[in-house]
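Quick notes on the structure that follows.
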Amino acid sequence: MPTIKDVARESGVSVATVSRAINNSGYVHEDTLKKINRAIESLNYKPNETARSLYNKKSKMIGLLLPDITNPFFTLVARGVEDTALEHGFHIIIGNSDQQPEKELSYIETFQLNNCVGFISSALQYLYTDDSIKHNGMHHVMLDRIEEGVVTVEANHEKGGILQAECLMNAGCKKILVISGNPQFSSFNKRFETACKTLKDAALAFDVLEVAEIGNSLLDQMRSELYDGIICCNDMCAIQVMGILQNNGIRIPKDVKVIGFDDIQMSESYYPSITTVRQPAYELGKVACENLINLIQMKDIVEHVVVDVCLIERNSTRRD
């Protein structure tokens, strides 16, 4: 990989002159600048962004901390962040927390060591990591999670929960199992609470099962209670539920109707295709990145952005 010394040697000038030209930090004669640019192009030289940002005291690096990028929803979020960052001349460093406090703190420190001027997180859930953010000077935007006093971009989870409940009600379901997500995340809580309230207001029978209990308890509950509808906390949950049920002779949607949340790509191609609530993952990433860059550049921002969701009806809730 070519270095700044190679550029200086190729263009016949000093390293200091090349540095001034790259960093726009002093006078460089026009003819000399042309030589340097030709050398950079010829060598395909890429300036060290971290070193440049330290020299200029103005970083072009931002961090992105996700719970798990193998979840297709967060893959799209990451693409939205990355595309938007590149459009504005920024680069990103991505980390997966796996919902472990040690990894969260480690990545925050990594962002700081790489001179990130700010970062986007969809993973933070521990108070001491939040304290560390406040003391390191980085700008911070929460994505799909709520934290008091932090700029936030999220989907309309309350509406999403209502859409899930109404979909199964309209499909004729009379007894529904609601599978709740991780209670540490506001997004899951909001969907769960509004779905349950909608069912309660309609005087419809329902029970609750935590997502962590699916493997041990789902079949037992299905056999004892004869549910005809299941609300899942997300599409990955819906895929797991449908796999268990169908492998045990329970037909979807004939015996049980299932609805997910997110509208990840495989939801449409799964069999049967999954009815779900679409939250625009790419747009969430894009808006979060735009807000972070506006924070960095001290522009006006909306501190709490809520992005709309919509129902996508497919075969898993089809009426016979």
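All of these numbers come straight from a predicted model, not from anything done at the bench. When a residue number appears, it is its place in the shown sequence, counting from 1. Both backbone and side-chain heavy atoms feed into the values below; hydrogens, waters and symmetry mates do not.
Using a 4.5 Å cut-off on side-chain heavy atoms (C-beta onward), Gln246 and Pro272 make contact. Leu86 places a side-chain heavy atom less than 4.5 Å from the side chain of His91. The closest side-chain heavy-atom distance from His304 to Glu154 is below 4.5 Å. In this structure the side chain of Thr275 reaches within 4.5 angstrom of the side chain of Leu311, judged on heavy atoms. Within the 4.5 Å cutoff, the side chain of Met236 has heavy atoms near those of the Asn71 side chain. Here the side chains of Thr276 and Glu268 are not in contact, with every heavy-atom distance at 4.5 Å or above. Here the side chains of Pro253 and Thr317 are not in contact, with every heavy-atom distance at 4.5 Å or above.
Judged by distance alone, the side chain of Ser316 and the main-chain N or O of Val258 form a donor-acceptor pair under 3.5 Å.
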For side-chain contact (heavy atoms from CB on, under 4.5 Å), just list the numbers for Ile36 and Val7, CA-CA rounded to whole Å, side-chain angles, deciding distance to a tenth of an Å, and then say yes or no. CA-CA 7 Å; Ile36 293 170; Val7 174; 4.2 Å; yes

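Note that CD1 of Ile252 is 11.5 Å distant from OG of Ser273, once rounded to the nearest 0.5 Å. One finds the CG atom of Leu226 at 8.0 Å from the NZ atom of Lys175 (value rounded to the nearest 0.5 Å).
Glu303 CD: 12 or fewer foreign heavy atoms inside a 6.0 Å radius. For CD of Glu210, the number of neighbouring non-hydrogen atoms (other residues, nucleotides, ligands) closer than 6.0 Å is 12 at most. Residue Lys35 places its NZ atom among 12 or fewer non-hydrogen atoms of other residues, nucleotides or ligands, all under 6.0 Å distant.
Donor-acceptor pairing under 3.5 Å is recorded for the side chains of Asp144 and His157.
Residues satisfying the salt bridge (charged side-chain N to carboxylate O under 4.0 Å, His left out) criterion with Asp68, sequence neighbours excluded, are absent altogether.
Between Phe119 and Phe111, the ring planes are tilted. Angles from 30° to 60° get that label.
Among Asp308, Asp263, Asp262, the one residue that satisfies the salt bridge (charged side-chain N to carboxylate O under 4.0 Å, His left out) test with Arg278 is Asp263.
Other cluster members for Leu76: none, since no ILVMFWY side-chain heavy atom sits under 4.5 Å from it.
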